[in-house]
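In what follows, chains are A, B, ... by sequence order, proteins preceding strands, each numbered from 1. Quick note: numbers below take in every heavy atom, side chains included, and nothing from hydrogens, waters or symmetry partners.
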Amino acid sequence: MARYNFKTTETKWQRFWEERGCFAATEDRSRPKYYVLEMFPYPSGRIHMGHVRNYTLGDVVARYKRARGFNVLHPMGWDAFGLPAENAARDSKVHPTKWTYDNIATMRTELKSMGLSLDWAREIATCHPGYYRHQQKLFLDFLKAGLVYRGEAFVNWDPVDHTVLANEQVIDGRGWRSGAVVEKKKLSQWFLKITDAADDLAAALDTLERWPEKVRLMQENWIGRSEGARVNFRIQGRSDPIEIFTTRHDTLFGASFLAIAPNHPVALELAKTDPKLKAFAAECARGPVGEAALETAEKMGYDTGLKAIHPFVANKTVPVYVANFVLMEYGTGAIFGCPAHDQRDLDFARKYTLPVLPVILPKSADPKTFQIADEAYVGDGVAYNSDFLDGLEVDAAKSAAADRLERDGAGTREIMYRLRDWLVSRQRYWGCPIPVVHCDVCGIVPVPETDLPIVLPDDVTFDVPGNPLDRHPTWRHVACPSCQKPARRETDTFDTFVDSSWYFARYCSPRSDKPVERDAVDYWMPVDQYIGGVEHAILHLLYSRFFTRAMRHTGHLGLDEPFAGLFTQGMVCHESYRAEDGKWLYPEEIERRGDDVIQTATGRPVAVGRREVMSKSKKNVVAPSKIIGTYGADTARLFMLSDSPPDRDLDWSEAGIEGAWRYVNRLWRLIAEAEVKGPPSPQSRPASLSPAADAALRTVHKTIHWVSWDLDRFHFNKAVARLRELTNALEELKDDDGSAWVKAEGLARLVQLIGPMMPHVAEELWQVMGNTTSLAETPWPAYDPALIDEQRVTLAIQVNGKLRATLDMPVDSDRESIETEALAHPNIAPLVGGKPVRKIVVVPNRVVNVVL
RNA sequence: GCCCCGGUGGCGGAACUGGCAGACGCGGCAGACUCAAAAUCUGUUGGUGGCAACAUCGUGGGGGUUCGAGUCCCUCCCGGGGCACCA
């Protein structure tokens, strides 16, 4: 038997699986279904190690569940719209369509070389009209259902990418892709009403039991639900009140000012006749941009001269300021300031010498002496200085204050969200066209469904910035569907996050002439296990949860939550290297000489940076195609699963991949070169087994049990460790009673258990062992519960809590014999001597502690 | 500043509900095979002391609960992530 040839073997089985259609999924109501999905890739050109990790994890789950009898759906596709295609078109004169489909072709080949158990017949690409026409249909349905609106608002404008961005796509005041400082522009844009679902999106997080706590928390923070009250402050000399939002209506008696946003309607009105205010507002608008500036930005205010009348105290008034720290976008754009119990208000009050009246008394404080110095008191306590609220705890005081406001018609209870509506229009070419027409007579007219899809024109150029659709000579000119007069097509396209908000549903019936077939989605959805990076914790996952609700609302789906289980994998890291001139070097450009690291080309020393996420800019990347070409897919997959728990970052190392490679070959030698056949028939099992063979057989069954346990819990690194232990145990078996039978049995089970991780070599070994069915179609092995239970255990014997000896005893030995044996142990007896034993703690099958 | 999650040998990491810390792998050391190397195999590998059996220290620091703490409680330090004029 020759050495293992991964190249021919991997190709052989990939072809076998494909020709047999092993992974083609069909609805089969006689079996439980299991939908495994990994986040689909953006076709950037080549797959990277992050993809290899992501898809390996998903494939292990898919193959394991399939072996366990589930009807598995495991599809793949392409998140194919997006700006990089346009940048490539501009820079290299390749059309986005060609660029994208070429990349898809390359990446599909690379993915196929990994041996993933995918149903490729369901492949979709979001840039294909066969996909996006249905997205246009969904949009029209949403429009009809009132889930979409066109609104004018201050939006985030990215001056580099020449498009607007959603709030979620602005990080620290910069565009998430371009890194450019975003500008606030007032534009007319398309929005999806995600805020209508805010309450439900927040509340339903509790039902997502198989989601990481961290992700649920991030979403909760992002939605930012806060319970409070709207309060109207009447203004002396004006008919209209100023409405504020607060969560601390219990501290209303401590109010010492009102503050409104510089672009609050009242501020804008006053600014018309007050040049100083106008100048102040202009300064605020320019304001500090960027993270650091915001942090230290001083609280600034401008006294409007208006006096607001306290809602509870008719003869009390407070000044109204315009303040730079009040945001028009949140709440009502106006607040009341209670300096004693809010740090920001306190800073402001100190600056403008406004009164600071404490109205909440900490539990142990004395009302006569309690004072506010430099720090506001934001904790719990009891209301005082507060008339009818006096003596009430914070929560009770809030409730009482809200009751009074509602009774007096001065305010209402209100729940506010940080979440804003989802801005979905983008001024870009390479996206799904928004199917509406602008008519001077009829206004905004939806495109009739019979006209779908609205297809992107091919003849576009990218030599000037901006949206090519806007300057296309003919595409945008169209007759109004309603009045037939000349009108203009919408030239904005959808945010690509719209594309990825329903692809998981499309996979259920990928070629349907409707967006989804109810039969198919009702069978397959929800996704049982979704796997991807944490970086999508908010954007993609929140949008998808909303979209699913919207699709239910419009009758396309019958459920609210698309992903029943979510797993977020860690990233793949590597050291980075820098030459003396500061330029980054690829790992293959360096070599190690003893403890030194040098640049191969120059022989000069290299600065080794810390391990961080692989990125092209730092060149600390390893190409999957190279690794698969050198070691094969199984080795790459095994390495991805070994050592690091999948939710943590993984350090890529040459030594690690070598270790995985050695294991593949070791398995091969152990089975193929030794010509072991198996599994042997149960009838051929020898009547007597040597103690070693018996122990090994027990290890086999325990391993089946624990590997299954680990795979169910995503503990892949532990499963690998257990399989290596089994390998060691079987390898050590000598030629005594029954060991040949146990070895054949054990190795066959080992091959089955490792199948989901290293499917090619496992299939090959399974065949070499004489099996005629493929492993992909073989059920998961079962263990014999009788062989799982230990018969003897090693007890730890402690004296005063310190380990002094161990004791081998039958399982469930009685307390008395354990105590007797322990005290008689040669290591223990001298330590106890004649001293009186205070007590003996016996934990069954674990430990004996002799306390002196 | 607030909210999460981490901190265990030279390294990645094990340790189910408090019960033999360091499974498994990487790396190291010694040896076998070899003209030699690679590959492979065998042994060994937390620190300190000892020829040894063994002793002793040891899970970021300090304190506590317990017969017994990597695990529970308090407190501090360090690393990573999220949020941040959100009223």
Side-chain angles (χ1 to χ4, degrees), chain A residues 3 172 212-222 224-226 228-229 244-249 259 261 287-288 291 294-299 323-327 329-338 342-345 347-348 378 416-419 534-535 537-538 570 611 638-639 642-645 647-651 653-660 662-663 665-666 669 706 709 713 715 717-728 731 793-807 826-827 838-852:
Chain A
R3 270 189 72 155
D172 291 334
E213 186 59 40
K214 180 169 75 163
V215 174
R216 287 191 281 174
L217 223 121
M218 283 168 70
Q219 291 213 355
E220 198 179 312
N221 289 339
W222 188 265
R225 181 182 199 271
S226 57
I244 62 102
F245 175 71
T246 182
T247 54
R248 291 304 303 269
H249 32 303
E291 56 279 38
L294 262 176
E295 181 117 6
T296 51
E298 210 174 334
K299 312 275 172 283
N324 65 341
F325 63 87
V326 180
L327 307 174
E329 296 85 15
Y330 186 78
T332 59
I335 62 161
F336 87 90
C338 176
D342 182 289
Q343 191 59 43
R344 200 185 35 202
D345 294 347
D347 295 345
F348 191 81
V378 296
M416 200 62 74
Y417 299 93
R418 206 184 82 103
L419 183 74
V534 237
E535 63 273 21
I538 295 170
R611 279 190 261 258
L638 181 65
F639 175 64
S642 309
D643 297 351
S644 294
D647 54 339
R648 281 203 224 164
D649 286 353
L650 175 142
D651 290 322
S653 75
E654 198 59 30
I657 191 81
E658 289 277 356
R662 272 201 295 274
Y663 182 72
N665 287 290
R666 192 170 150 216
R669 281 195 305 274
W706 285 111
W709 169 280
R713 284 162 189 74
H715 295 166
N717 55 323
K718 287 200 254 174
V720 170
R722 293 189 206 281
L723 291 169
R724 282 180 179 272
E725 277 179 301
L726 176 61
T727 313
N728 294 343
E731 206 169 24
V793 281
T794 307
L795 293 170
I797 315 177
Q798 303 175 332
V799 177
N800 287 337
K802 272 187 189 258
L803 178 74
R804 295 297 172 179
T806 57
L807 196 58
N827 288 12
R838 273 206 281 159
K839 69 169 164 176
I840 301 181
V841 182
V842 176
V843 181
N845 301 325
R846 288 200 183 272
V847 81
V848 188
N849 192 5
V850 182
V851 185
L852 297 177

K.L.:
If only side-chain N and O atoms of A:Arg804 are considered, is one of them under 4.0 Å from the OP1 or OP2 phosphate oxygen of B:U56?
P.N.:
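Looking at the OP1 and OP2 atoms of B:U56, one of them is under 4.0 Å from a side-chain N or O of A:Arg804.
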K.L.:
What nucleotide, of B:C24, B:C67, B:C26, holds the atom closest to the side chain of A:Ala655?
P.N.:
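Between B:C24, B:C67, B:C26, the one nearest the side chain of A:Ala655 would be B:C26.
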K.L.:
A:Asn728 vs A:Arg666, test: side chain to side chain donor-acceptor pair (under 3.5 Å). Steps then yes/no.
P.N.:
CA-CA 10 Å; A:Asn728 294 343; A:Arg666 192 170 150 216; 2.5 Å; yes
K.L.:
Write down the distance separating the P atoms in B:G7 and B:U71, rounded off to the nearest Å.
P.N.:
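B:G7 and B:U71 have their P atoms separated by 11 Å.
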K.L.:
B:G82 P sits how many Å from A:Met218 CE, rounded?
P.N.:
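It is 6 Å, rounded to the nearest whole Å.
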K.L.:
For nucleotides B:G64 and B:G47, find the distance between their C1' atoms and express it as a whole number of Å.
P.N.:
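Here B:G64 and B:G47 have their C1' atoms 27 Å from each other.
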K.L.:
Between B:U8 and B:C57, how far apart are the C1' atoms? Round to whole Å, please.
P.N.:
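Going atom to atom, C1' in each nucleotide, I get 15 Å.
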K.L.:
Considering only heavy atoms from C-beta outward, does the side chain of A:Val378 approach that of A:Gln343 to under 4.5 Å?
P.N.:
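Not in contact.
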K.L.:
Assign each of A:His715 and A:Leu795 to its nearest nucleotide of RNA chain B by heavy atoms, then name whichever residue's nucleotide is nearer the 5' end.
P.N.:
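The 5'-side residue here is A:His715.
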K.L.:
Select one nucleotide: of B:G19, B:C20, B:C83, the one nearest the side-chain heavy atoms of A:Ile538.
P.N.:
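Looking only at heavy atoms from C-beta outward on A:Ile538, the closest nucleotide is B:C83.
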K.L.:
Counting Watson-Crick and G-U wobble pairs only, both distances under 3.5 Å, name the nucleotide matched with B:G19, or none.
P.N.:
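Paired with B:C67.
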K.L.:
Quick one, A:Asp342 and A:Arg248 - any side-chain contact, counting heavy atoms below 4.5 Å?
P.N.:
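SC-SC contact between A:Asp342 and A:Arg248 ruled out.
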K.L.:
Looking only at atom C1', what distance separates B:C20 and B:U59, rounded to whole Å?
P.N.:
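The answer is 15 Å between these two C1' atoms.
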K.L.:
With A:Arg846, which residues qualify under side chain to side chain donor-acceptor pair (under 3.5 Å), at least two apart?
P.N.:
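Expected list: none.
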K.L.:
Within the pair A:Arg666 and B:A39, is there a side-chain N or O less than 4.0 Å away from OP1 or OP2?
P.N.:
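False: A:Arg666 side-chain N/O out of range (4.0 Å or more) of B:A39 OP1/OP2.
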K.L.:
Quick one: is B:A14 close enough that its OP1 or OP2 comes under 4.0 Å of any side-chain N or O from A:Asn717?
P.N.:
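Yes, such a contact exists.
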K.L.:
Quick check: are there more than 12 heavy atoms from other residues, nucleotides or ligands sitting under 6.0 Å from CZ of A:Arg838?
P.N.:
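Result for CZ/A:Arg838: open.
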K.L.:
Starting the side chain at C-beta, find the nucleotide from B:A87, B:G27, B:C24 nearest to A:Thr246.
P.N.:
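Nearest to the side chain of A:Thr246 among the choices is B:A87.
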K.L.:
Tell me, please, which residues at least two apart from A:Phe348 pass ring pair (Phe, Tyr, Trp, His ring centres under 6.0 Å).
P.N.:
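With sequence neighbours excluded, A:Phe348 shows a ring pair (Phe, Tyr, Trp, His ring centres under 6.0 Å) to A:Phe257, A:Tyr321, A:Phe325, A:Tyr352, given in chain and number order.
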K.L.:
I want to check one thing: is the phosphate of B:G27, taken as OP1 and OP2, less than 4.0 Å away from some side-chain N or O of A:Arg662?
P.N.:
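Checking B:G27 against A:Arg662, a side-chain N or O does come within under 4.0 Å of OP1 or OP2.
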K.L.:
Looking at A:Arg418, I'd like to know whether one of its side-chain N or O atoms comes within less than 4.0 Å of OP1 or OP2 on B:A84.
P.N.:
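Yes, within the criterion.
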K.L.:
Looking at B:C85, B:C20, B:U40, which one has an atom nearest to any side-chain atom of A:Arg669?
P.N.:
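Shortest atom-to-atom distance from the side chain points to B:U40.
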K.L.:
Is the distance from OP1 or OP2 of B:A23 to the nearest side-chain N or O of A:Asn728 less than 4.0 Å?
P.N.:
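Negative; the distance criterion is not met.
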K.L.:
Sugar-phosphate atoms are those with a prime plus P, OP1 and OP2; base atoms are the rest. Using that split, label each nucleotide of nucleotides 4-12 of chain B B, S or - for protein heavy atoms under 4.0 Å, 5' to 3'.
P.N.:
--------B
K.L.:
Using side-chain heavy atoms (C-beta onward) and a distance below 4.5 Å, is A:Ile797 in contact with A:Arg804?
P.N.:
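No; the side chains remain at least 4.5 Å from each other.
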K.L.:
Starting at atom CG of A:Leu638, determine the distance to atom C1' of B:C26, rounded to an integer number of angstrom.
P.N.:
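To the nearest whole Å, that distance equals 13 Å.
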K.L.:
Go along nucleotides 43-51 of chain B 5' to 3' and tag each nucleotide: B for a protein heavy atom under 4.0 Å from its base, S when only backbone or sugar atoms are that close, - otherwise.
P.N.:
---------
K.L.:
Ignoring hydrogens and angles, are the base of B:G1 and the side chain of A:Gln343 linked by a donor-acceptor pair under 3.5 Å?
P.N.:
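Not at all, since no donor on one side and acceptor on the other fall under 3.5 Å apart.
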K.L.:
Counting side-chain heavy atoms from CB outward, which of B:C67, B:A23, B:C20 is closest to A:Val841?
P.N.:
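Nearest listed nucleotide: B:C67.
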K.L.:
Considering only the P atoms, how many Å lie between B:G1 and B:A21, rounded to the nearest integer?
P.N.:
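Roughly 40 Å separates the two P atoms.
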K.L.:
If only side-chain N and O atoms of A:Arg225 are considered, is one of them under 4.0 Å from the OP1 or OP2 phosphate oxygen of B:C86?
P.N.:
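So the side-chain polar atoms of A:Arg225 never come under 4.0 Å of the phosphate oxygens OP1 or OP2 of B:C86.
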K.L.:
Using a 4.0 Å cut-off on heavy atoms, which residues in residues 330-337 of chain A reach RNA chain B? List them by number, or say none.
P.N.:
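Those residues whose heavy atoms fall under 4.0 Å from RNA chain B, taken from residues 330-337 of chain A in numerical order, are A:Tyr330, A:Ile335.
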K.L.:
Please determine, for the side chain of A:Lys718, which listed nucleotide (B:C85, B:G27, B:A15) has the closest atom?
P.N.:
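Minimum distance to the A:Lys718 side chain belongs to B:A15.
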K.L.:
For A:Glu725, what residues pass the side chain to side chain donor-acceptor pair (under 3.5 Å) criterion, not counting sequence neighbours?
P.N.:
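So A:Glu725 forms no side chain to side chain donor-acceptor pair (under 3.5 Å) with any residue.
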K.L.:
For B:U56, what is the paired nucleotide under Watson-Crick or G-U wobble rules, both distances under 3.5 Å?
P.N.:
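Matched B:U56 with B:G47 under the 3.5 Å cut-off.
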K.L.:
Is there a donor on the side chain of A:Asn221 or the base of B:C83 sitting less than 3.5 Å from an acceptor on the other?
P.N.:
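In this structure, the two groups form no donor-acceptor pair.
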K.L.:
For the side chain of A:Asn827, counting heavy atoms from C-beta on, which of B:C54, B:C20, B:C67 is nearest?
P.N.:
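Side chain of A:Asn827 sits closest to B:C54.
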